[in-house]
Amino acid sequence: PEKAEKAKGKAKAKPAAPTRTTRVSAPPAVARPRPQAVGTFATPAKGVQPRRFRERTEKTKVEMSRLAVLEEKQKSIRAKKLQEIKARFAAEIGQKKVAAEAKRLCDYMAYPAAADTPPSEPRPMRLQVDTDAQAVLVPLNGSLVPFHVSCVKNMTRSTVDRFQILQINFFTPGNGKSNDDFPAATPTRAFLKEVTFRSEARDNFDAVLRNFNEARKRLRQKELEGEHSKGRKQQAAGDAPSAEPLQLLRPFQCLRDLNVRPTLATGARRTVGTLEAHANGFRFSVKGSAEKVDILYSQVKHAVFEPCEKSGLIVLVHLHLRAPITLGKRRTLDIQFFAEVGPQVDDLSQRRAGSAYDPDEIMEEQNERLMKQKVNKWFQDFCKSVEEIKTCPFKFDVPFRDAAFTGVPSKSQVRLAFGSQVLCGLQEVPP
């Protein structure tokens with residue numbers, strides 16, 4: 001058995017004889033067509049764009065044309081804005097020239113010469129006011145020194161124990177006035193800031209305060225009358241657009257029993273009259289007076305007609321002018337003509353108790369509703385007749401009440417509404 005196992009080991013150790021292999025050529029591979037996805041497009045011919053590219057190109061062309069139109073519009077708006085800026089700067093330069101030409105403090109003179117001062121024998125060395133010369137005579141160093149009332153800032157009164165104190169404060173450079181308002185500074189010239197007087201009796205101080213206020217009031221009135229006469233002269237010379245006479249029509253459209261804001265008379269509560277429409281302007285005639293106010297169409301920049309709504313009580317026509325005009329003794333840029341549809345104030349103490357089904361209250365509400373419709377119709381017909389005049393260059397703007405909102409443009413909260421050209425709140429005063 002040991003020999004047999006050795007013979008088997010020798011047999012395993014012998015290498016195996018090499019075997020012959022035959023190469024068999026594989027059959028050629030057949031190219032199978034790829035399955036085409038459903039919904040795909042075939043490759044377009046050369047030079048032909050796909051549909052999505054054509055649509056994108058068309059959209060791009062439309063956007064480019066729209067941007068070109070917008071750019072042209074922006075150019076026109078830019079040119080218009082530049083013109084407005086130039087006009088505004090020109091107006092500011094004109095205002096600066098007017099301010100430079102305004103009267104300065106050093107131009108006021110109480111007395112042309114020393115001989116024109118009032119004699120001091122009746123009231124020697126006593127504080128007093130000369131209302132005719134508009135001067136305050138102040139005793140200083142043994143003599144009466146006159147000061148024009150325009151140089152006095154204010155006067156204050158106070159009481160200390162049994163004495164009455166009167167303090168006179170003057171204008172000084174940097175304290176309400178500039179250096180240009182005063183004469184040139186010299187080594188011998190000093191500015192007087194305040195002067196204080198004390199007295200046991202108050203009668204003289206009361207007279208000084210009363211006469212000082214009266215002299216200042218006269219000075220302001222004189223300056224206003226001077227500006228008013230200057231404007232009249234310019235209008236007569238043809239410098240102002242209102243120099244053109246009003247061309248009357250026969251017959252003419254009118255609205256009667258209208259109130260005007262601002263009032264023509266100083267201190268008057270209201271001014272009632274008739275508004276007439278003529279060939280080249282409006283005329284407002286005061287009821288019971290010969291006073292008339294003419295407003296040319298060329299002076300009107302914006303005209304607004306605001307009807308009476310459910311919550312409103314007045315119907316109005318508002319005129320915003322290109323340049324201020326004088327009404328009474330005041331300069332204004334806005335004129336408003338209105339009619340009251342119902343009572344502005346309701347006295348609750350006189351209101352009787354009732355229910356919602358009271359026939360008298362129902363009839364009163366119906367009458368008020370009919371009155372609003374009637375007055376709105378009168379104003380609307382008047383505005384249409386004015387627009388039909390051939391020489392009228394503007395159209396009446398009507399605010400959109402649906403887009404109204406509340407705001408505080410000045411001091412109080414008002415209801416504002418958009419128009420086609422303006423944003424306005426006309427129910428409150430000032431508009």
Side-chain angles (χ1 to χ4, degrees), residues 249 251-264 269-278 281-287 293 295 297 300-321 332 334-346 359-390 392-407 409 412-431:
L249 289 178
F252 53 83
Q253 297 291 330
C254 67
L255 290 172
R256 303 182 185 277
D257 298 331
L258 297 186
N259 298 291
V260 63
R261 284 190 262 193
T263 57
L264 301 184
R269 187 174 181 181
R270 61 175 58 194
T271 303
V272 183
T274 302
L275 180 62
E276 306 170 358
H278 293 281
F282 299 101
R283 167 168 286 183
F284 182 77
S285 304
V286 181
K287 188 176 182 179
V293 178
I295 305 170
Y297 296 148
V300 179
K301 186 177 182 180
H302 297 293
V304 182
F305 161 57
E306 186 171 338
C308 181
E309 302 294 338
K310 294 181 180 180
S311 59
L313 293 175
I314 63 173
V315 188
L316 59 90
V317 169
H318 187 88
L319 303 178
H320 181 71
L321 307 179
T332 182
D334 296 275
I335 306 175
Q336 190 175 108
F337 306 96
F338 66 95
E340 296 179 354
V341 179
Q344 302 290 318
V345 179
D346 194 0
D360 294 337
E361 292 187 2
I362 294 175
M363 183 64 68
E364 184 178 351
E365 291 177 0
Q366 290 178 354
N367 292 337
E368 184 177 347
R369 196 179 305 114
L370 292 175
M371 188 64 182
K372 286 183 180 180
Q373 294 176 1
K374 187 184 296 184
V375 177
N376 286 341
K377 185 70 167 52
W378 291 344
F379 273 75
Q380 189 174 5
D381 294 343
F382 176 79
C383 294
K384 287 184 178 179
S385 62
V386 172
E387 291 176 354
E388 291 174 356
I389 298 176
K390 296 181 179 180
C392 180
F394 57 84
K395 300 291 183 182
F396 282 90
D397 199 352
V398 181
F400 302 103
R401 305 305 302 179
D402 296 337
F405 61 96
T406 56
S412 60
Q413 186 175 5
V414 297
R415 190 76 173 168
L416 302 174
F418 285 99
S420 60
Q421 297 180 351
V422 294
L423 171 62
C424 59
L426 306 176
Q427 295 288 337
E428 301 292 334
V429 179

S.K.: Hey, are the side chains of Glu306 and Arg401 touching, using non-hydrogen atoms and a 4.5 Å cut-off?
M.R.: yes

S.K.: Hey, could you give me the NE2/OG1 distance between His320 and Thr332, rounded to the nearest 0.5 Å?
M.R.: 10.0 Å

S.K.: Restricting to side chain to side chain contact (heavy atoms under 4.5 Å, CB included), what partner residues turn up for Glu388, sequence neighbours left out?
M.R.: none

S.K.: Identify the heavy atoms of Trp378 and Leu255 that sit nearest to each other, and give their distance.
M.R.: O-CD2, 3.9 Å

S.K.: Rounded to the nearest 0.5 Å, how far apart are CG of Leu275 and CG of Asn259?
M.R.: 12.0 Å

S.K.: Is any side-chain heavy atom of Val300 closer than 4.5 Å to one of Leu321?
M.R.: yes

S.K.: With a 4.5 Å limit on heavy-atom distance, are the side chains of Phe337 and Leu319 in contact?
M.R.: yes

S.K.: For Phe379 and Leu316: C-alpha separation, side-chain torsions, deciding distance, then whether side-chain contact (heavy atoms from CB on, under 4.5 Å) applies.
M.R.: CA-CA 8 Å; Phe379 273 75; Leu316 59 90; 5.7 Å; no

S.K.: Which heavy atom of Ala277 sits nearest to which heavy atom of Leu249, and what is that distance?
M.R.: O-CD1, 4.3 Å

S.K.: Taking the side chain as every heavy atom from C-beta outward, state whether Phe338 and Leu426 have any atom pair closer than 4.5 Å.
M.R.: no

S.K.: Checking Cys392 now: which residues fulfil side chain to side chain contact (heavy atoms under 4.5 Å, CB included) with it, not counting sequence neighbours?
M.R.: Tyr297, Val386, Ile389, Phe394

S.K.: Can you tell me how far OG1 of Thr263 sits from CZ of Arg270, rounded to the nearest 0.5 angstrom?
M.R.: 11.0 Å

S.K.: How far does CG of Leu258 sit from CZ of Phe382, to the nearest 0.5 angstrom?
M.R.: 8.0 Å

S.K.: Looking at Glu309, is its backbone amide N or carbonyl O close enough to the side chain of Lys372 to form a donor-acceptor pair, meaning the two atoms are under 3.5 Å apart?
M.R.: yes

S.K.: Between Pro307 and Gln380, is any pair of side-chain heavy atoms under 4.5 Å apart?
M.R.: no

S.K.: Give the table of side-chain donor-acceptor pairs shorter than 3.5 Å for residues 414-424, with sequence neighbours excluded, one pair per line with atom names and distance.
M.R.:
| from | atom 1 | to | atom 2 | distance (Å) |
| --- | --- | --- | --- | --- |
| Ser420 | OG | Asp397 | OD1 | 3.2 |
| Ser420 | OG | Asp397 | OD2 | 3.2 |

S.K.: Please round to the nearest 0.5 Å and tell me the distance separating atom CZ of Arg369 and atom SG of Cys308.
M.R.: 12.0 Å

S.K.: Going by heavy atoms in the side chains, are Leu313 and Glu368 under 4.5 Å from each other?
M.R.: yes

S.K.: Please check: side-chain N/O of Ser385 versus main-chain N/O of Gln253, any donor-acceptor pairing under 3.5 Å?
M.R.: no

S.K.: When you look at Ile335 and Phe284, which way does the side-chain contact (heavy atoms from CB on, under 4.5 Å) test go after all the steps?
M.R.: CA-CA 11 Å; Ile335 306 175; Phe284 182 77; over 6 Å; no

S.K.: Quick one: do Arg283 and His278 satisfy side-chain contact (heavy atoms from CB on, under 4.5 Å)? Show the steps, please.
M.R.: CA-CA 8 Å; Arg283 167 168 286 183; His278 293 281; 4.1 Å; yes

S.K.: How many angstroms lie between atom NE2 of His318 and atom CZ of Arg261, to the nearest 0.5 angstrom?
M.R.: 10.0 Å

